[in-house]
J.: 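One structure, pasted below without further comment.
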Amino acid sequence: MTDDDDLRARLRRADPAADLPTLDTSRLLESTMTATTTTPRRTIPLLTLAAALVLIAALGSWWVLRPADEAGAPTAAPTVTDLTAPGIAAKCVEPSAGQLREAADFAFAGTVTGIDGTTVTLRVTKVYRGAGADQVRVAQAGDVSETMLGSGRFEIGRDYLVAASQGSVLICGYSGEAASPGLEELYLSAF
Amino acid sequence: MDPVNSDDRRLRFEAAAPAVIDAVRRFLARRTDPATADDVLQETLLVCWRRFDEMPAEAVVPWAYGVARNCLANAERSRRRQGRLLARIWRLDRPAAVSAAPDLPDHDLTTAMGSLRAEDAELLRLWAWEELSPSEIAVVLGVSANAASIRLHRARQRLRDELRKAGATAGHEESTEGSRP
């Protein structure tokens, strides 16, 4: 052994990364190769989000889109609007409270009380932003609802946090099951 | 078909990436806190993917270290500039050169590495931890192989000097390794 070998061996024993646990690289790799042109930082699986943008839902915020001749309509009669999907070209960046605060004109917590075909009815339990409403109806498209955090779709009896902008549900990690990790914290710090 | 995203390119990247990811992860774990390491790893990989065609086939990993090194420097710079809370964590949580790992009894080595110039210490880390040859170190640092070789030689010499000093001050030697015969 030369001096150099000794020195190198001694340094090596002090390597802080010597017992670094192994990492499943496939997800990291996939997210890297999917992100070809947009911002580099993302922590949400991109495939999910790309699929997520095959859009489903439109939120009928009754005061935004109510017909003019129903000026006296009670809050319990929201209207529902169907929007077309923006296509899958869009990509999501990591959700942030600031972005949510900026984008959402309506945000509430609610429990799903009924699903009739593609229409989901939620009983509002708390309004974070926007005018109060007792009930909100959301159009939910068939089976593809990966836009929502959590199970990916509205289910009867579950609690949800939903944010909307101009009558359209905000996805990309901004709406979903109330129990989704981090979602409630996001709402609390945004509103 | 867009040549940038051709299937062939993907396949080649998929083949090369696992080794790069593993190496760069270690590289970052040795030099920053875990959260920053995660961010910079992602960013490094993205740069590698975009600039995959520039990667020298014979020195993929050293080339990736060079990218990671720049990304890490950027991360540190922007963090300092923004003066965020993270800057505090970085100071509190940062692996101070060699001493970071908890069960490292080699205090003399820690002291010696700490008293070296940052460039010298980095050369030695690249040599011992990343196990790079002088010509590979040259790829990382963007210098000539000759310069890397000379600097490495001097850095080793300085580390030995510091080790001797540290050993003399402490009045004992925990092991004979690394000391002169």
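Fair warning: this is a prediction, and the values are worked out from it, not measured in the lab. So that the names make sense, note that chain A is the first sequence line, chain B the second, and so on, each numbered from 1.
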J.: If I take atom OG1 from residue A:Thr32 and atom CD from residue B:Gln42, how far apart are they, to the nearest 0.5 angstrom?
T.: 5.5 Å
J.: Among the clusters formed by ILVMFWY side chains lying less than 4.5 Å apart, do B:Val139 and B:Met55 turn up in the same one?
T.: yes
J.: Decide side chain to side chain contact (heavy atoms under 4.5 Å, CB included) for B:Arg156 and A:Asp3; before the verdict, give the C-alpha distance in whole Å, the side-chain angles of both, and the deciding distance to 0.1 Å.
T.: CA-CA 10 Å; B:Arg156 279 194 301 248; A:Asp3 273 4; over 6 Å; no
J.: When heavy-atom pairs shorter than 4.5 Å are enumerated against chain A, which of B:Arg25, B:Arg26, B:Glu14 gives the highest number?
T.: B:Arg25
J.: Would you give the length of the straight line joining atom CG of B:Leu45 to atom OG of A:Ser31, rounded to the nearest 0.5 angstrom?
T.: 7.5 Å
J.: Would a 4.5 Å heavy-atom cut-off, applied to side chains only, mark A:Leu11 and B:Asp106 as touching?
T.: no
J.: Can you tell me if CD on A:Glu184 sees more than 12 non-hydrogen neighbours from other groups inside 6.0 Å?
T.: no
J.: Main chain of B:Glu131, side chain of A:Arg12: is a donor-acceptor contact present, judged purely on distance under 3.5 Å?
T.: no
J.: Give, for atom CE of A:Met33 and atom CZ of B:Arg50, the distance between the pair rounded to the nearest 0.5 Å.
T.: 14.0 Å
J.: For B:Arg160 and A:Asp4, what are the C-alpha separation, side-chain angles and deciding distance, and is it a salt bridge (charged side-chain N to carboxylate O under 4.0 Å, His left out)?
T.: CA-CA 10 Å; B:Arg160 275 195 205 96; A:Asp4 283 355; 2.4 Å; yes
J.: Between A:Arg10 and B:Asp108, is a side chain to side chain contact (heavy atoms under 4.5 Å, CB included) present by the stated rule, with each step listed?
T.: CA-CA 11 Å; A:Arg10 185 169 174 183; B:Asp108 288 356; 3.5 Å; yes
J.: Evaluate the criterion side chain to side chain contact (heavy atoms under 4.5 Å, CB included) for residue pair A:Leu7 and B:Leu163; output intermediate values, then yes/no.
T.: CA-CA 10 Å; A:Leu7 195 63; B:Leu163 279 174; 3.7 Å; yes
J.: Using non-hydrogen atoms only, which part of B:Leu124 is less than 4.5 Å away from chain A: side chain, backbone, both, or neither?
T.: both
J.: Are B:Leu11 and B:Phe52 connected into the same hydrophobic cluster when the rule is that any two of I, L, V, M, F, W, Y join if their side-chain heavy atoms are below 4.5 Å apart?
T.: no
J.: Could you see if B:Leu123 belongs to whatever hydrophobic cluster contains B:Ile150? Use Ile, Leu, Val, Met, Phe, Trp, Tyr and a side-chain cutoff under 4.5 Å.
T.: no
J.: CG of B:Asp161: more than 12 outside heavy atoms within 6.0 angstrom?
T.: yes
J.: Drop me the distance from A:Leu28's CG to B:Ile21's CD1, to the nearest 0.5 angstrom.
T.: 4.5 Å
J.: I'd like to know if the side chain of B:Arg30 reaches the main chain of A:Pro16, judged simply by a donor and an acceptor atom lying under 3.5 Å from each other, with no hydrogens or angles considered.
T.: no
J.: Quick check: is B:Val61 connected to A:Leu20 through a chain of hydrophobic side chains (ILVMFWY, heavy atoms under 4.5 Å apart)?
T.: no
J.: Using modelled atom types only, decide if a donor and an acceptor are shared between the side chain of A:Arg8 and the backbone of B:Trp127 within a distance under 3.5 Å.
T.: yes
